[in-house]
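By convention in this document, chain letters (A, B, ...) are assigned in the order of the sequence lines, proteins followed by strands, and residues within each chain are numbered from 1. Computed over heavy atoms, backbone and side chain alike; hydrogens, waters and symmetry mates excluded.
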Amino acid sequence: MTQKSPKRYTITAALPYANGPVHIGHLAGVYVPADIYARYLRSQGRDVLFVCGSDEHGVPITIRAQKEGITPQQAVDKYHQMIKESFSEFGVAFDMYARTSNATHHQTASDFFKQMYEQGNFTEQVSEQYYDQKAGQFLADRYIQGTCPVCSNPNAYGDQCENCGSTLSPSELINPVSMLSGEKPVLKETKHWYLPLNQYETWLREWILQGHTEWKPNVYGQCKSWIEGGLQPRPMTRDLDWGIPVPVPGAEGKVLYVWFDAPIGYISSTKDYFKEKVANSTGEEWKLYWQSEDTRLIHFIGKDNIVFHCIIFPVILKAHGGYILPDNVPANEFLNLEGNKISTSRNWAVWLHEYLQDFPGKQDVLRYVLCANAPEAKDNDFTWKDYQNRNNNELVANLGNFVNRTLVLTNKYFRSKVPPCNQLFDLDKEIIAGIQEFPGKIAASIEAFRFREALAHLMDFSRLGNKYLGDTEPWKVIKENEARVQTILHISLQLTANLAIVMEPFLPFSAAKLNQMLGIQPFNWSSAGKLDLLPIGHSLKEAYLLFDKIEDAVVEAQVQKLLDTKKANEAANRKVPPAKAEVSFDDFTKMDIRVATILAAEAVPKTKKLLKLTLDTGLDKRTVVSGIAEHFKPEEIIGRQVCLLANLAPRDIKGIQSQGMILMAEDRDGSLSFINPEKVIINGGTVS
RNA sequence: GGCGAGGUAGCUCAGGUGGUUAGAGCGCAGGAUUCAUAACCCUGAGGUCGGGGGUUCAAUUCCCCCCCUCGCUACCA
């Protein structure tokens, strides 16, 4: 672990992809922890630059634009604006929120690539890819549609089948069709520039596996898995017309791979910060944050980005030379919603912009709940009931209540003027010790990226205040000993002022309110633990509630909204896939469909979905490999009659030659059913 | 299939280089109290730490096998 004492921090939060709004999963995984960390360091008086921006390149954006009949730039403009505004309203205090379609970024990423090219960091490889002759361009995986070889969904994409979740490559699709022209694509040679990750294996082992054993288990484990699995060269360029043109000869019509340019976005965002927000910038300051050894670089990301931030981007930085490497990459796991995975395409999410509209002024409640239940070590579940409970039982009943009790009592007994501190008893000294200890405990947890723990300490701190009031009972003591009550409330008020400091990274809006009620300017972290933040005689401002109870009806409405979504999804699923193009009778008669009987079935080793079937087709006994192992056990299906497309060209699957394809019908839930004759038919009987 | 991360009280989660009664918050039960948004404070009930083997004087913690969840990966007609 690097134990240097850094002069400055560069903090990055994963660039949100500009083809949809931000949801609570993004917030809990990345933006809330990153913001807490950045705010904490700023409060500590450290030199911090917290950068982010929209990731606006890549294939899905071009597809969305095409669907909506707009240009890719128009598509990203819409979401960039929306994301930027909702972050700002939510209190995520980026120093800079930039975007990868802007000029600074294009220049930066382009120069980056060019220098690496000139240094010989890339290897060139020619491969065959699908090409649309009518549209005159190569097709990204996503631009090819065809029938899924696994589940027979006719609308699978070249990279993935959204029906069964299988990862595919375009060559596997049955009857591939270009989404641009509807034509059948042809294979054509194309040249790309590869980053030879394999050449960096030794270095990565040293740097991560030996040098960063302190990284979180999920991050370290994932890196180890990749490194030990053998790294392959990865293409850093694509055949696409949306993105940053590859700045080298012979690369016309090609752009930088989105995962090459996106992380460089952190650097361009830093440049934009100085360009746009710092007067008299020399244009060189960004280098301090990216090239100076006394800077600590931290990437906040979700677990799906680990390989890019821990392996690929560092290799790019290393190969380019002159850059510092991430000191830590505290990746979080995923947040689920009401027991189901969050899904943008299924609209199963709580969208930030909608939350801000539905819960005005309640940014801190969501920040609190997402931090308290952040998926730091494993996937966690967000429920609205939990949201309500945490608000009512923790924020209202504990933190808000303590503050309110203290201010109300001070108002009642001392007309809102800070009373003096008189003789101290053991009970008081314990609380004073707590005031001196808690900020340090909270700080230590934040610095270890344990934000849930830090927040728990914060609540314990406020709980200490509640206990103090309960133990000392100033409302009773006031009747006979006002001096004693002065001391109790003096200490309670100092605790409150300390709370305002330590809650700021987590609950910035409430911290500001509290400072306002206390009538003070915000203190920074170096004042935390002090007992004289509020001078004796200082006048407090009018008190009001920091947090309000949330009624059942409010969260029930949100749950109902989700249930409606679920219903809508089910209705959408009921829709059968669209009709395919017309075929001629001749085409149909070309297919030789036969009744056959399953003689033997066994699982194909090293696969999850494949069964190797031996069939009696009447014509012969043959082997067919079928992707049905998740639906049927081998012993259950022996002896069954099935329909077989018998004259399909044979194909090798997992080293087994498959001679034909079993016909299966698929239900709404994805379950499969054999197509078999109503009565037993002779093997080899034709189907037409 | 391979790899990685998880599987700990009703719920959401901590923790553990192996060692007397395994922790927190919430929820629940009881008590005390009324300054406070019926909140706070105290006490208590609740767990064979996924299952099965093994190593050991001793395992929830180490080793092996299995099951479940999530992610990455795989020439899945």
Assign A/Phe547 to base, sugar-phosphate, or nothing according to its heavy-atom contacts below 4.0 angstrom with the strands shown.
base

Choosing from B/C41, B/A36, B/G71, which nucleotide comes nearest the side chain of A/Lys303?
B/G71

May I ask you to verify if any side-chain N or O of A/Asn393 is less than 4.0 angstrom from the OP1 or OP2 atom of B/G27?
yes

The nucleotide from B/U34, B/A39, B/U73 with an atom nearest the side chain of A/Lys549 is B/A39

Regarding A/Asn466, tell me which of base, sugar-phosphate or nothing describes its non-hydrogen contacts under 4.0 Å with the strands shown.
sugar-phosphate

Please tell me which of the listed nucleotides, B/U37, B/G71, B/A36, lies nearest to the side chain of A/Phe334?
B/G71

So if I take every side-chain heavy atom of A/Asn380 and compare against B/U37, B/C42, B/U12, which nucleotide ends up nearest?
B/U12

So, is B/G46 syn or anti if syn means the angle is within 90° of 0?
syn

Under 4.0 Å between any heavy atoms, over every strand shown, what does A/Ala397 touch: base, sugar-phosphate, or nothing? Just pick one.
sugar-phosphate

Stacked cation flag A/Lys303 on A/Phe334, 6.0 angstrom / 45 deg
yes

Nearest to the side chain of A/Lys378, heavy atoms from C-beta on, is which of B/G7, B/G25, B/U37?
B/G7

B/C70: pairing nucleotide in any strand, Watson-Crick or G-U under 3.5 angstrom
B/G4

Which part of the nucleic acid does A/Leu663 contact within heavy-atom distance under 4.0 Å: base, sugar-phosphate only, or nothing?
nothing

At 4.0 Å (heavy atoms only), tell me whether A/Lys385 reaches a base, stays on the sugar-phosphate, or touches nothing.
nothing

Pick base, sugar-phosphate or nothing for A/Lys412, based on heavy-atom distances below 4.0 Å to the nucleic acid.
sugar-phosphate

Aromatic contact between A/Tyr220 and A/Trp226, with the criterion being ring centroids under 6.0 Å apart: yes or no?
no

Are the ring centres of A/Tyr387 and A/Phe359 closer than 6.0 Å?
yes

Contact class for A/Asp381 vs. all strands (heavy atom < 4.0 Å): base, sugar-phosphate, or nothing?
sugar-phosphate

Please classify the nucleic acid contact of A/Pro217 as base, sugar-phosphate, or nothing, using heavy-atom distances under 4.0 Å.
sugar-phosphate

Closest nucleotide of RNA chain B for A/Asn373 versus for A/Asp304: which of these residues is on the 5' side?
A/Asn373

With sugar-phosphate meaning primed atoms plus P, OP1 and OP2, does A/Lys467 contact a base, only sugar-phosphate, or nothing at under 4.0 Å between heavy atoms?
sugar-phosphate

